[in-house]
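We count ligands from 1, going down the list as the structure has it; atoms in each ligand are counted the same way. Note that the coordinates shown come from a computational prediction; the quantities given were computed from them, not determined experimentally.
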Amino acid sequence: MPATATTDGGASPSDAIHAVVTRFAPSPTGRLHLGHAHAALFAWDAARRTGGRFLLRLEDIDGTRCRPEFADAILRDLAWLGLDWDGPVRVQSQHMAAYRAVLDNLAARDLLYPCFCTRADIAREVAAAAAAPHGPDGPLYPGTCRRLPPAERAERVARGEAHALRLDMAAALRAVAGPLTWHEVGEGRLRCEPAQFGDVVLARKEMPASYHLCVTHDDALQHVTLVTRGVDLKPATHLHRLLQALMGWPEPAYRHHGLLLGRDGRRLAKRDGAAALAQLRESGLGPAEVRALAGFAASAAAT
Ligand code: GLU
């Protein structure tokens with residue numbers, strides 16, 4: 001049985017007192033475990049305690065890792081847990097044209113450029129550089145394709161050469177007025193440092209949009225006012241605020257919660273089969289017991 005400690009010492013979803021719109025946005029790449037239950041309950045509880053709305057979104061743009069059977073299982077597991085959501089479930093893979101439109105908008109403003117580099121190309125360049133700056137996701141892209149002559153760029157795209165789309169970070173920072181901040185519930189306004197991501201990929205060669213793009217687009221479209229998610233995603237907020245500012249999207253508040261830890265003191269992951277909700281259910285536990293294991297002993301609906 002996994003332990004129920006969290007890295008922030010317990011459930012305290014929001015200090016907001018007005019009705020909030022929250023969401024749980026899992027990627028259907030496997031079965032839900034207790035860590036997901038904690039995240040889902042955190043968002044659900046914040047919405048229900050304030051008389052707000054709780055949305056469910058399936059972030060399934062990575063067709064190589066997401067599977068429909070996992071999507072179905074997520075809905076079943078959440079319903080079994082006693083969670084209800086407002087409105088239809090948004091399934092990101094059904095809205096690729098909307099994400100494409102955002103990319104087209106950024107491209108028309110010269111904030112994106114095609115990048116033809118392979119991972120090996122980038123690794124070689126980074127290794128050759130005297131001092132390669134690092135960001136939250138590893139070494140920063142050295143900017144090779146940003147420096148391509150426009151004619152070569154256009155010719156390679158026209159030829160159908162596979163390419164990612166990268167944000168021109170320096171141009172993006174020039175396009176937004178002044179320094180950006182975000183409101184972290186419980187901490188106040190935090191300064192955004194999006195430059196730490198460098199020229200981040202917004203569409204991959206094999207995937208027509210990125211997590212960062214889709215998540216910010218959908219939070220705006222769905223009028224999410226309080227983004228709750230694990231603290232592991234807190235660094236991404238630096239970039240998400242930049243995308244919101246570039247696109248003129250409203251700014252939600254953020255509340256990054258601690259991660260549920262396993263008995264070994266490490267965060268729960270899919271490798272922890274014992275924490276899978278399906279397995280806990282099969283072992284005879286009821287929804288209330290599983291909610292308690294996920295750190296929400298009394299707040300969820302009675303079953
Ligand atoms: N889809 C992301 C995940 O499963 C979560 C996105 C978010 O909450 O911002 O890790």
Side-chain angles (χ1 to χ4, degrees), residues 7-8 13-14 20-47 53-68 70-71 73-75 77-78 83 85 89-96 99 102 136-137 182-185 190 192 194 197 200-202 204 207 209-244 249-260 267-272 275-277 294:
T7 52
D8 64 356
S14 161
V20 293
V21 181
T22 65
R23 73 339 186 246
F24 176 53
S27 296
T29 56
R31 295 301 299 261
L32 292 188
H33 59 62
L34 274 179
H36 297 114
H38 180 71
L41 282 157
F42 199 96
W44 181 90
D45 186 67
R53 287 164 54 75
F54 170 67
L55 311 177
L56 180 59
R57 185 163 80 220
L58 294 174
E59 302 206 326
D60 63 342
I61 51 168
D62 185 349
T64 62
R65 294 175 60 232
C66 297
R67 294 213 225 120
F70 291 138
I74 286 173
L75 304 194
D77 283 346
L78 291 176
L83 296 191
W85 48 90
V89 178
R90 181 171 172 89
V91 181
Q92 286 191 330
S93 60
Q94 296 172 2
H95 301 281
M96 297 314 289
Y99 310 129
V102 180
D137 302 329
W182 86 79
H183 177 66
E184 179 75 25
V185 174
L190 304 181
C192 290
F197 284 85
V200 67
V201 169
L202 292 188
R204 284 203 247 145
M207 200 166 56
S210 74
Y211 155 67
H212 300 301
L213 185 94
C214 300
V215 82
T216 46
H217 172 275
D218 284 0
D219 285 340
L221 182 84
Q222 298 189 285
H223 307 292
V224 170
T225 61
L226 177 65
V227 172
T228 70
R229 59 187 176 198
V231 72
D232 53 327
L233 285 171
K234 195 170 181 181
T237 313
H238 294 278
L239 184 58
H240 294 180
R241 281 289 300 123
L242 175 62
L243 294 174
Q244 288 157 2
W249 290 330
E251 178 195 346
Y254 288 85
R255 174 74 167 95
H256 293 93
H257 55 75
L259 302 174
L260 216 59
R267 61 178 286 204
L268 289 176
K270 295 203 173 90
R271 64 175 180 275
D272 298 291
L277 299 191

Does ligand 1 have an atom under 4.0 Å from some heavy atom of Arg23?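 The answer is yes: ligand 1 sits under 4.0 Å from a heavy atom of Arg23.
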Would you please determine whether Phe24 falls within less than 4.0 Å of ligand 1 on a heavy-atom basis?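 For ligand 1, residue contact (heavy atoms, under 4.0 Å) with Phe24 is absent.
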Short side-chain to backbone donor-acceptor contact, Asp60 and Ser93, under 3.5 Å: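 Side chain of Asp60 to backbone of Ser93, a donor-acceptor pair under 3.5 Å: yes, one is there.
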Go through ligand 1 atom by atom and flag the ones less than 4.0 Å from a non-hydrogen atom of Glu59.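 Checking each atom against Glu59, I get 1 (N), 2 (C), 5 (C), 6 (C).
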Atoms in ligand 1 with a heavy atom of Val215 nearer than 4.0 Å: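 Under 4.0 Å from Val215, ligand 1 has these atoms: 9 (O).
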Are the side chains of Leu78 and Ile74 in touch, meaning some heavy atoms are under 4.5 Å apart?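 Yes. Closest side-chain heavy atoms under 4.5 Å.
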Nitrogen or oxygen of Tyr211 less than 3.5 angstrom from that of ligand 1: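 So ligand 1 has an N or O lying under 3.5 Å from an N or O of Tyr211.
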Are any of the N/O atoms on Ala25, whether in the backbone or the side chain, positioned under 3.5 angstrom from an N/O atom of ligand 1?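 Between Ala25 and ligand 1, an N or O pair is found under 3.5 Å apart.
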Which one holds for Leu233 and ligand 1: side chain close, backbone close, both close, or neither close, with close meaning a heavy atom under 4.0 Å?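 Looking at Leu233 and ligand 1, just side chain atoms fall under 4.0 Å.
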Kindly state whether the ring of Tyr99 and the ring of His217 have centres lying under 6.0 angstrom apart.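 Yes; His217 has its ring centre under 6.0 Å from that of Tyr99.
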Hey, what's the ring geometry for His257 with Phe42, parallel, tilted or perpendicular (30° and 60° as the breaks)?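 His257 vs Phe42 ring planes: tilted.
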Parallel, tilted or perpendicular, judged at 30° and 60°: which one describes the rings of Tyr254 and His256?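 Rings of Tyr254 and His256: parallel, as their planes differ by under 30°.
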Heavy-atom pair of closest approach, residues Arg23 and Ala25: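 That closest heavy-atom pairing would be NH1-CB, 3.9 Å.
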